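Labels below follow one simple rule: chain letters A, B, ... track the order of the sequence lines, proteins then strands, and each chain is numbered from 1. For clarity, every value in this text was computed on a predicted model and none was experimentally measured.
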2 protein chains.
Amino acid sequence: MKTAGMTRETVTARLRAHGIQPTHQRIEIAHALFSRMEHMSADQVLALVNERHAETSKATVYNTLKLFVETRLVREVIVDPAKVFYDPNTTPHHHFFDVESGEITDIDAADISISGLPALPAGKVAAGIDLIIRIRANA
Amino acid sequence: MKTAGMTRETVTARLRAHGIQPTHQRIEIAHALFSRMEHMSADQVLALVNERHAETSKATVYNTLKLFVETRLVREVIVDPAKVFYDPNTTPHHHFFDVESGEITDIDAADISISGLPALPAGKVAAGIDLIIRIRANA
DNA sequence: TGCCGCAATTAGACAGAGTCCAATTCTTAT
DNA sequence: ATAAGAATTGGACTCTGTCTAATTGCGGCA
Ligand SMILES: [Mn+2]
Ligand SMILES: [Mn+2]
Ligand SMILES: [Zn+2]
Ligand SMILES: [Zn+2]
């Protein structure tokens, strides 16, 4: 993911590729995520897109993030009991979660192998496999 | 964990073994968890302990669950973006999480091996490794 | 260009989980 | 029985997220 190349035009094309009507607000929200490539909460996104001057409401940020998740443009990360994080990295990967600072770091899934998993319950399919390594400062 | 043997006396001994002063409320809360051996939210615990007649406040349930987690009598499970679940099973294990029903099921960690994990960031220790298989109904 | 109809956005009320505090009630030791 | 510290409590409060009804924006078409 080339952060430098993430102009609003690039973001717009990416929205279209996912079948999303590229409105001004959606472009700003996607740009906030993809230009930084960081795990962000809805509040952080809201603050970022309204940094220069207010232009996007809280409702739209939540609507849009939900839309992005449904269309798999971004991914949800459930690690913090207080809030959901949105992840612009949709390649298979796992996470370190620093329980003290709240920092989330990616771990490439290509390097990792998980064996011995039991069969899924009958009639169920896997919707995702999340591996979270909770870390904290030594001693 | 023998559910049948989980009398209030057994629970009281277990609290003492963890250095927890066994008050009436704490015994009821621990009994709710250990007699059922199910993953429960704070609200579910609150409802259970007040089933017969009101005897424990919301504040005490939250205080007590936090105390139980700190003393490692129970474990937190972060899978549902809306609420924390408390797990009376403290043996190493992972979880299936049915994203449609909210059901949480244990997976014994003894059967599972995870390899290829990267080194922890400098100065950090692992506080826990959570593997969550999100599942949903087929088709 | 000017309308139309639908899609998207919005403010603000609302809901649910969890925290906090100061006042009260227990426990336990003396 | 008393006193001191520990635990409990109601209720206000915060925060994340949802909902709704009203408004605004936008693409297609005459
Ligand atoms: Mn948020
Ligand atoms: Mn709860
Ligand atoms: Zn990530
Ligand atoms: Zn469990």
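With rounding to whole Å, B/Leu15 atom CG is found 14 Å from C/dT27 atom P. One atom, CG of B/Leu67, and another, P of C/dT19, lie 14 Å apart when rounded to the nearest Å. What separates CG of A/Asp80 from C1' of D/dC15 is a distance of 12 Å, to the nearest Å. Here C/dT10 presents its C1' atom at 12 Å from CG of A/Asn50, a figure rounded to the nearest Å. In this structure, the CZ atom of B/Phe85 is 12 Å from the C1' atom of C/dA17, given to the nearest Å. Going from atom CD1 of B/Ile20 over to atom P of C/dC26 covers 21 Å, rounded to whole Å. If you measure from atom CD1 of B/Ile27 to atom P of C/dC26, you get 15 Å, rounded to the nearest angstrom. A straight line from CD1 of A/Ile29 to C1' of C/dT10 spans 13 Å, rounded to a whole angstrom.
Checked against C/dT19, D/dT18, D/dG10, the side chain of B/Ala59 finds its nearest nucleotide in D/dG10. Each of D/dC19, C/dA17, D/dT16 was ranked by its minimum atom distance to the side chain of B/Lys83; first place goes to C/dA17.
Taking all atoms of both residues into account, the shortest heavy-atom contact from B/Ala32 to B/Val49 is CB-CG1, 4.2 Å.
Judged by distance alone with a 3.5 Å cut-off, no donor-acceptor contact links the side chain of A/Lys58 to the base of C/dG12.
To the nearest 0.5 angstrom, A/Glu76 atom CD is 11.0 Å from A/Asp87 atom CG.
Using modelled atom types, one finds no donor on one side chain facing an acceptor on the other under 3.5 Å when comparing A/Asp130 with A/His95. Side-chain contact of A/Ser41 with A/Asp43: a donor-acceptor pair under 3.5 Å is absent, judged by distance alone. Checked by atom type, the side-chain pair B/His93/B/Asp106 shows a donor-acceptor distance below 3.5 Å.
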Polar atom pairs (N or O), protein with nucleotides 6-9 of chain C, under 3.5 Å:
from  : atom 1 : to      : atom 2 : distance (Å)
C/dA8 : OP1    : A/Arg26 : NH1    : 3.1
C/dT9 : OP1    : A/Thr23 : OG1    : 2.5
C/dT9 : OP1    : A/Gln25 : OE1    : 3.4
C/dT9 : O3'    : A/Gln25 : NE2    : 2.9

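In this structure, A/Tyr62 does not reach the D/dT18 phosphate: none of its side-chain N or O atoms is under 4.0 Å from OP1 or OP2.
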Show the numbers, then the answer: is there a salt bridge (charged side-chain N to carboxylate O under 4.0 Å, His left out) between A/Asp98 and B/Lys124? CA-CA 9 Å; A/Asp98 189 315; B/Lys124 304 288 179 181; 2.8 Å; yes
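Qualifying side chain to side chain contact (heavy atoms under 4.5 Å, CB included) partners for A/Gln25, counting only residues two or more places apart in sequence or in other chains: A/Thr23, A/Thr56, A/Thr60.
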